[in-house]
Amino acid sequence: MTEDWLIRAEAICLKCGGHCCNDAHPPISGHCYERLVAGGVPEDAFERHGYRHIRTHADGTCYFWKGGKCGIHSIKPETCRSGPFTFDVKGDIIEIFLKYESICPIVRLLKEVPDAYAQQYTLAAESITRLVSHLTEEELAVICRIDEPETEKVAEIPRIYAPSHDHRH
């Protein structure tokens, strides 16, 4: 991604005001949780409702949304890094979805700049694959029941199982 693209993307995100961070409950694997806590995130920033995720304030904003920006941007969780891509899991396949522009205005910019799209998609696929490999089947079942209707499927990739979570055999 070029410096111009990054400047344009940041301006779009700032203007949007973090719409993607409202009422979001990004899943946090045990691995990510340990990384975030080691990075100074307080343990009370998380809650568990079928899976561990970041708390939200009473108004639905992310616990880390401060002054119009992400307070943990440099160490943010996998699903936050993946935006505006999201996922679903069907057996041994991870389905990758792109959110509609109505949810994330940066989608238009990604579609205008194929190299940026490719770079963000690659980052998203790697982040999502890592996240999925570190979640339990029970956590994934809860996460995959969350409806995200304003998306389009853009890819299917093979699921990679972490050795400690390989339940296929």
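As the structure is a computational prediction, the values presented were derived from the model and not from experiment.
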Test salt bridge (Lys or Arg N to Asp or Glu O under 4.0 Å) applied to Lys99 and Glu150, step by step: CA-CA 6 Å; Lys99 295 181 183 203; Glu150 295 187 61; over 6 Å; no
Other residues, nucleotides, ligands: >12 heavy atoms within 6.0 Å of His73 NE2: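 Atom NE2 in His73 is not packed in, count stays at 12 or less.
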Nearest heavy atoms of Tyr63 and Ala45, plus distance in Å: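 Scanning both residues, the minimum pair turns out to be CE2-CB, 3.3 Å.
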Contact summary for Ile28 and His53, nearest pair of heavy atoms: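 Heavy-atom minimum between the residues: CG1-CA, 3.9 Å.
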Phe46 six-ring face occupied by Arg55 cation (under 6.0 Å, within 45°): no
Aromatic ring pairing Tyr121/Tyr117, orientation class (parallel under 30°, perpendicular over 60°, tilted between):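 Rings of Tyr121 and Tyr117: parallel, as their planes differ by under 30°.
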Heavy-atom check, side chain of Ile128 versus side chain of Thr79, under 4.5 Å: no
Intermediate values then yes/no, ring-ring contact (aromatic ring centres under 6.0 Å, His included), Tyr33 and His31: CA-CA 5 Å; Tyr33 173 79; His31 178 266; over 10 Å; no
Candidate pair Lys111 and Glu152, rule salt bridge (Lys or Arg N to Asp or Glu O under 4.0 Å), full reasoning: CA-CA 13 Å; Lys111 288 182 175 182; Glu152 64 178 304; 3.2 Å; yes
Glu34/Arg52 salt bridge by N-O under 4.0 Å criterion: no
Arg159 with Glu137: basic N within carboxylate O range, under 4.0 Å: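 Salt bridge: yes.
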Under 3.5 Å donor-acceptor, Arg81 side chain and Lys76 backbone: yes
